[in-house]
Number of protein chains: 2
Amino acid sequence: MSSSDLRKPITARQLARLIGVSQSAVSRAYTPGASISSEMRRRILSMADSMGYSPNAIASTLSKRRSNIVGIVVSAMQNPFYPVLIEKLSRGLQQVGQQSLLFNLTHGADIKQQLAALRQYNVDAVVIVSAAPLSGAALSWATEGRTTIMINRTVPDSGLSSVCCNNAEGARAIADHFHALGRRRVAFVAGVPHASANLERQHAFIERLAELGMTLSASVAGGEYSYEAGYRSALEVGRAGHTEAIFFANDILAVGGLDALRDEAGLSVPGDVAVAGFDDIAMASWPRYSLTTFRQPLDAMVERTVQLVTGKAEPAETSIHLLPGELVVRNTTAGR
Amino acid sequence: MSSSDLRKPITARQLARLIGVSQSAVSRAYTPGASISSEMRRRILSMADSMGYSPNAIASTLSKRRSNIVGIVVSAMQNPFYPVLIEKLSRGLQQVGQQSLLFNLTHGADIKQQLAALRQYNVDAVVIVSAAPLSGAALSWATEGRTTIMINRTVPDSGLSSVCCNNAEGARAIADHFHALGRRRVAFVAGVPHASANLERQHAFIERLAELGMTLSASVAGGEYSYEAGYRSALEVGRAGHTEAIFFANDILAVGGLDALRDEAGLSVPGDVAVAGFDDIAMASWPRYSLTTFRQPLDAMVERTVQLVTGKAEPAETSIHLLPGELVVRNTTAGR
DNA sequence: TTGAAAGCGTTACCAC
DNA sequence: GTGGTAACGCTTTCAA
């Protein structure tokens, strides 16, 4: 118990010899449906327990050709949405016996080189949780035909499946909400301009504005999903004047924007300008911010992803799994 | 290029046969110091490239007995300090050719069962980034004598090495700072009561107060490191009255506390009460909070951890690697 | 320098 | 139900 033994762990073969059974028997004892008498299994497991034996997952991978490892590709995490998503995802995978191997993408560096490691470890599947620009070609090279799921993003013409919140629905809901509040001149603050989620929200929002006869008073891009970008962008929009409401492409932008509008531009929210975000991160519900937002169905998205990874949902059904979100109205869009 | 081939990747043997060399040669081509002619290596690598071959890391693990995988044990992440740490750590490991396998601990569930997977994958080392209660016994069982590093925590009598910020130094610096401001009645807000980092900060702070002849007006425990816990605790302390300064065990508590003090208790910070935290998370520097805090030397901690993992620093030297932090004075402790 | 062959610790298939 | 025996794809002796 107390010894920190550097000697290598006992193998199935040694354990088998110790009990006087075949090594195959040991393997069977650990294989759920295997044909083995319960007496034999009991004996083996009990001996294993007292000898501190547990099967070597790496060796098992080699022979089963399944690693029970999912590669998770992530990038910049200034956006608090991601850590939460990744934690939930990793826990969800763990529950179905899958481990998570993390791959960090560094912006600017050679994608192919960064994803090389992904090929070498026999991951069963790959989940992309990153807004970083990725070509379909690079992806299919890296994943080598393994099941690959993207969360909260799409890559056109890649044939890869995605699990997304209904961004367009959300953006329209925000537009409708602004309209119902009587705000007519509204602005949009983008995050990463070419990210698919950003584009979908932007297009649907602007389209809906037109349908409702509202005016897009300004449209700026923060360049990234961060507090600072939101802060800067809000000041830009604030200067534009006459804006009655701002839709930030996501919550962390909106939070930065709120601070800028109130504390630096001296505007009242929602008095002078209403504000809405997207995601519903924890901060959005902090009393200080109390941010109106469109909630992404995180748990459902993770659940669906896990199903796709384990093959319990048909990837063929639809390439893009669109899950419904929910408008959460808070103080930043209260009546004047 | 465009095909998403489900057929299994080419092996070293196939590649070798294709070129007309031995399989050993292929292996050598990928082994830095191996004795192989540069001509042979060139031929193999070029063929490998055009055939899309790359060595199977799992198989390599089995024969080399090194996986180049580090297990990272994490738990609750409401504290923004952790995602940042984990990202930096994972990137640092990646740079030295190590991958990160994530293990999530769920509070309350059976530790041993949760760490079982850790044993089965042949991780080269284990890094514990979690404040969750862990016994030395459970740990050494799970790690089976592999090098194990804990970040930002210690487990007494475990003999395991830790990389920590100098918590006592930081807590004393905060006390000194409060004293210099002329605040005499000060309070402490704890996070996870029995976490080692929390205890160290608490003890050093209170001790220093005594040395300086200051008064501990209140001491409450939030129970966890979260915004909500900070918010609640601040209200409790606020009611106690006569408190001139509050030291929160970390930044996320302090941020919650600030909102509570200002927006709910109607107190002015730093006018009525000064506030300090610990960590220097991103939020601490947001203009809205501008929180005085003690900065943990994240990069240095990660660097040291990577050195320990790769064996470039002697684990034997000191069991606890104490790295110096830095007091960062901001508006929450400005003069009245 | 190169090739052949013996592991590494499993699983899977085959007889019994 | 059980035990032998090939894989799995690589690294590492050992000879040549």
Side-chain angles (χ1 to χ4, degrees), chain A residues 7-45 47-48 51-69 97 99 117 119-124 144, chain B residues 7-45 47-48 51-69 97 116-117 119-124 144:
Chain A
R7 63 169 182 271
K8 45 191 179 183
I10 182 176
T11 73
R13 157 156 269 102
Q14 296 173 306
L15 183 68
R17 210 172 318 233
L18 222 54
I19 313 183
V21 298
S22 77
Q23 193 261 0
S24 323
V26 174
S27 175
R28 292 192 187 105
Y30 285 91
T31 310
S35 67
I36 181 178
S37 71
S38 54
E39 165 58 11
M40 168 83 91
R41 169 171 282 149
R42 196 195 51 68
R43 249 171 66 209
I44 293 179
L45 292 183
M47 191 57 163
M51 295 301 294
Y53 168 81
S54 59
N56 180 327
I58 297 292
S60 157
T61 295
L62 194 56
S63 101
K64 279 202 303 195
R65 283 111 163 293
R66 300 195 73 248
S67 58
N68 287 354
I69 294 181
Q99 307 302 320
R119 310 181 73 199
Q120 314 194 181
Y121 289 83
N122 270 350
V123 299
D124 289 350
E144 288 190 300
Chain B
R7 61 168 184 273
K8 43 191 178 182
I10 182 176
T11 73
R13 158 158 267 102
Q14 296 174 305
L15 184 68
R17 208 172 319 233
L18 223 52
I19 314 185
V21 299
S22 78
Q23 190 262 353
S24 324
V26 174
S27 174
R28 294 195 184 103
Y30 284 92
T31 310
S35 65
I36 180 177
S37 70
S38 55
E39 164 58 13
M40 169 82 93
R41 169 170 282 151
R42 197 195 52 67
R43 249 172 66 210
I44 294 179
L45 291 184
M47 191 58 163
M51 297 299 296
Y53 168 81
S54 60
N56 180 327
I58 297 291
S60 153
T61 295
L62 194 56
S63 82
K64 281 203 303 198
R65 281 107 167 292
R66 300 194 75 251
S67 58
N68 286 354
I69 294 181
R119 311 182 73 201
Q120 315 196 181
Y121 288 84
N122 271 351
V123 298
D124 289 349
E144 288 190 299

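Remember, it's a predicted structure, so these values are computed and weren't measured experimentally. Below, read A as the first sequence line, B as the second, and so on, with proteins coming before strands; counting in each chain starts at 1.
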Checklist line | Any residue meeting ring pair (Phe, Tyr, Trp, His ring centres under 6.0 Å) with Y121(B), in chain and number order, not counting sequence neighbours | finding: none
Next item on the list: Kindly give the heavy-atom pair with the smallest separation between Y53(B) and I10(B), and that separation in Å.
Entry: CD1-O, 3.2 Å
Check: Which atom pair, heavy atoms only, marks the closest approach of S67(B) to T61(B)?
Finding: CA-OG1, 3.3 Å
Note to self: Walk me through whether R65(B) and K8(A) qualify under side chain to side chain contact (heavy atoms under 4.5 Å, CB included).
What the structure shows: CA-CA 10 Å; R65(B) 281 107 167 292; K8(A) 45 191 179 183; 3.2 Å; yes
Note to self: Suppose we screen for salt bridge (charged side-chain N to carboxylate O under 4.0 Å, His left out). Which residues come up paired with R66(B), at least two apart in sequence or across chains?
What the structure shows: D124(B)
Checklist line | Spacing of L18(B) atom CG and I44(B) atom CD1 [to the nearest 0.5 Å] | finding: 11.5 Å
Item checked: Angle between terminal axes - the helix from dT1(C)-dA16(D) to dC16(C)-dG1(D), 5 pairs each end, rounded to 10° -> 40°
Note to self: Within the structure provided, determine whether N68(A) and Q99(A) are in side-chain contact (heavy-atom separation under 4.5 Å).
What the structure shows: no
Notebook entry, point to check: Restricting to pairs with a member in residues 18-39 of chain A, which pass side chain to side chain donor-acceptor pair (under 3.5 Å), not counting sequence neighbours?
Noted result: E39(A)-R42(A)
Next item on the list: Decide yes or no on side chain to side chain contact (heavy atoms under 4.5 Å, CB included) for N56(B) and N122(A), but give the supporting numbers first.
Entry: CA-CA 7 Å; N56(B) 180 327; N122(A) 270 350; 3.2 Å; yes
Notebook entry, point to check: Earliest and latest nucleotide of DNA chain D, 5' to 3', sitting under 4.0 Å from a non-hydrogen atom of chain A?
Noted result: dG1(D) to dG9(D)
Next item on the list: Between protein and nucleotides 1-11 of chain C, map the contacts as a letter string: B base, S sugar-phosphate only, - none, heavy atoms under 4.0 Å, written 5' to 3'.
Entry: BBBBB-BBBBB
Next item on the list: Please confirm whether the backbone N or O of A117(B) pairs with a side-chain atom of Q120(B), one donor and one acceptor, at under 3.5 Å?
Entry: no
